[in-house]
Amino acid sequence: MNQDRNAGTLRRLPVQKRSAERFERLLDACAELLDEVGYAALTTKEVARRADVPIGTLYQFFSDKEGLIGALAVRNLESFMARVAGRLEREEPEGIPGVVEVTVDEFVIMRRTIAGFGVVDFGAVGQDHVLEPTLDNNTAVAGRLRSLTASLTGGQDDAEIDFAVRVALECADSVLKLAFATDPQGDARLIAECKRVLNSYLNDRLR
């Protein structure tokens with residue numbers, strides 16, 4: 001986990017192995033409870049109880065519930081980026097369609113299989129700066145995904161490309177939310193349409 005991206009969300013990062021294990025247990029318990037009771041009803045006391053960790057230990061790492069949620073969102077993003085990067089390296093897909101396919105598919109898989117991801121993927125509703133203090137969550141995610149377009153754009157640093165990736169992410173976010181609101185496993189037609197929209201838009205903007 002990158003400490004810079006945790007600015008403002010953590011009191012401290014775990015150093016020793018035992019502390020790291022407790023830290024991860026707290027995030028796991030938080031994710032499980034989000035699925036069970038939702039964001040509004042989540043309490044740090046119940047997270048600590050579920051994780052079998054003293055409440056004082058929780059507050060050594062996190063200042064409050066929002067800090068806990070922020071750390072979970074960061075973990076989700078790091079996992080997502082690692083999964084996407086791993087598949088891109090293994091499969092070496094060609095062009096924008098390949099990147100879109102891998103990126104959307106990995107998000108959908110995580111949405112279906114990772115505890116709490118449906119409530120807090122890369123940030124909770126109403127918590128817009130949990131990944132970066134100065135950027136809203138989608139802008140922060142877009143910045144990470146921007147690296148995936150490097151091979152398609154010659155690696156150039158172009159504000160227009162940054163803008164296009166940001167818009168594409170907003171489109172994907174909206175359509176995929178609709179897909180999972182329609183079907184708990186994600187409506188297949190809407191997921192396919194999300195890919196179609198992204199491919200059409202990005203092929204037009206990045207060619």
Side-chain angles (χ1 to χ4, degrees), residues 1-6 13 20-21 23-24 27-28 31-32 35 71-123 130-132 135 137-158 161-180 183-207:
M1 192 177 288
N2 186 302
Q3 187 169 4
D4 291 342
R5 282 191 294 276
N6 282 290
L13 285 167
E21 290 173 348
F23 184 90
E24 291 301 321
L27 294 185
D28 290 342
E32 292 170 2
D35 278 344
L72 180 62
V74 169
R75 188 175 76 167
N76 286 341
L77 178 57
E78 296 298 339
S79 177
F80 173 68
M81 294 304 300
R83 294 169 68 117
V84 171
R87 273 194 62 184
L88 291 176
E89 183 177 354
R90 291 192 304 272
E91 299 175 13
E92 298 182 346
E94 294 185 5
I96 290 170
V99 173
V100 166
E101 183 80 11
V102 167
T103 304
V104 173
D105 281 353
E106 287 304 318
F107 182 91
V108 169
I109 290 170
M110 289 185 70
R111 180 65 174 77
R112 289 170 174 167
T113 62
I114 302 298
F117 196 78
V119 183
V120 175
D121 44 29
F122 310 129
V130 299
L131 298 172
E132 297 277 0
L135 300 175
N137 298 332
N138 276 354
T139 298
V141 175
R144 299 292 302 279
L145 289 174
R146 168 67 172 87
S147 62
L148 299 179
T149 68
S151 62
L152 306 176
T153 61
Q156 67 189 76
D157 183 13
D158 190 325
I161 295 172
D162 293 339
F163 181 77
V165 173
R166 180 70 171 81
V167 171
L169 181 61
E170 288 292 336
C171 293
D173 190 32
S174 295
V175 178
L176 290 175
K177 282 180 179 176
L178 178 60
F180 282 95
D183 182 336
Q185 289 299 304
D187 183 88
R189 185 179 179 188
L190 284 168
I191 292 169
E193 198 69 5
C194 176
K195 294 176 183 178
R196 180 182 177 186
V197 168
L198 294 182
N199 280 323
S200 177
Y201 173 71
L202 289 172
N203 271 311
D204 179 64
R205 294 290 279 111
L206 302 183
R207 65 185 177 185

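Index from 1, following the sequence. These values consider heavy atoms only, across backbone and side chains, with no hydrogens, waters or symmetry-generated copies.
- The 12-atom threshold is exceeded at CZ of Arg112, counting heavy atoms of other residues, nucleotides or ligands nearer than 6.0 Å.
- Look at Asp162 and Arg166 and you find no salt bridge, because none of the NZ, NE, NH1 or NH2 atoms lies under 4.0 Å from a carboxylate O.
- Contact between Ala31 and Ala115 at its shortest, heavy atoms only, is CB-O, 3.2 Å.
- Note that CD1 of Ile96 is 10.0 Å distant from CG of Leu198, once rounded to the nearest 0.5 Å.
- Legend: residues meeting side-chain contact (heavy atoms from CB on, under 4.5 Å) with Glu91, ordered by chain and number and at least two apart, are Arg87, Pro93, Val102.
- Rounded to the nearest 0.5 angstrom, Leu178 CG and Asp183 CG are separated by 11.0 Å.
- For Arg111, there are no salt bridge (Lys or Arg N to Asp or Glu O under 4.0 Å) partners, not counting sequence neighbours.
- Here Phe122 contributes atom CZ and Glu78 contributes atom CD; the two are 10.0 Å apart, rounded to the nearest 0.5 Å.
- Scanning all heavy atoms of the two residues, the minimum distance from Leu202 to Ala168 falls at CD2-CB, 3.9 Å.
- Checking side-chain atoms of Ser174 against main-chain N and O of Glu170 turns up a donor-acceptor pair under 3.5 Å.
- A 4.5 Å side-chain heavy-atom check between Val197 and Val175 finds every atom pair outside the cut-off.
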Verify side-chain contact (heavy atoms from CB on, under 4.5 Å) between Asp28 and Arg75, making sure each step is shown before the conclusion.
-> CA-CA 10 Å; Asp28 290 342; Arg75 188 175 76 167; 2.9 Å; yes
Extract all donor-acceptor atom pairs below 3.5 Å that involve side chains of residues 186-195 and protein atoms in other chains or at least two apart in sequence.
residue : atom : partner : partner atom : Å
Asp187  : OD2  : Arg189  : N            : 3.2
Asp187  : OD2  : Leu190  : N            : 2.9
Lys195  : NZ   : Glu101  : OE1          : 3.4
Lys195  : NZ   : Glu101  : OE2          : 3.1
Lys195  : NZ   : Asp105  : OD1          : 2.6

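- With sequence neighbours excluded, the residues satisfying salt bridge (Lys or Arg N to Asp or Glu O under 4.0 Å) with Glu32 are Arg50.
- Listed here is the closest heavy atom pair of Val120 and Ala73: CG1-CB, 4.0 Å.
- Distance check: Glu106 CD to Arg83 CZ gives 4.5 Å after rounding to the nearest 0.5 Å.
- A pairwise comparison of heavy atoms in Arg205 and Phe163 identifies NH2-CD2, 3.8 Å as the closest pair.
- Taking CG of Leu77 as the start and CG of Leu145 as the end, the distance is 7.5 Å to the nearest 0.5 Å.
- Distance CG/Leu169 to CZ/Arg144: 13.0 Å, rounded to 0.5 Å.
- Annotation: side chain of Asn76 is in contact with side chain of Leu72 (closest heavy-atom distance under 4.5 Å).
- Applying the ring pair (Phe, Tyr, Trp, His ring centres under 6.0 Å) test to pairs two or more places apart or on separate chains, none has a residue in residues 187-207.
- Applying the side-chain contact (heavy atoms from CB on, under 4.5 Å) test to Asp121 and every residue at least two apart in sequence or in another chain returns Phe107, Phe117.
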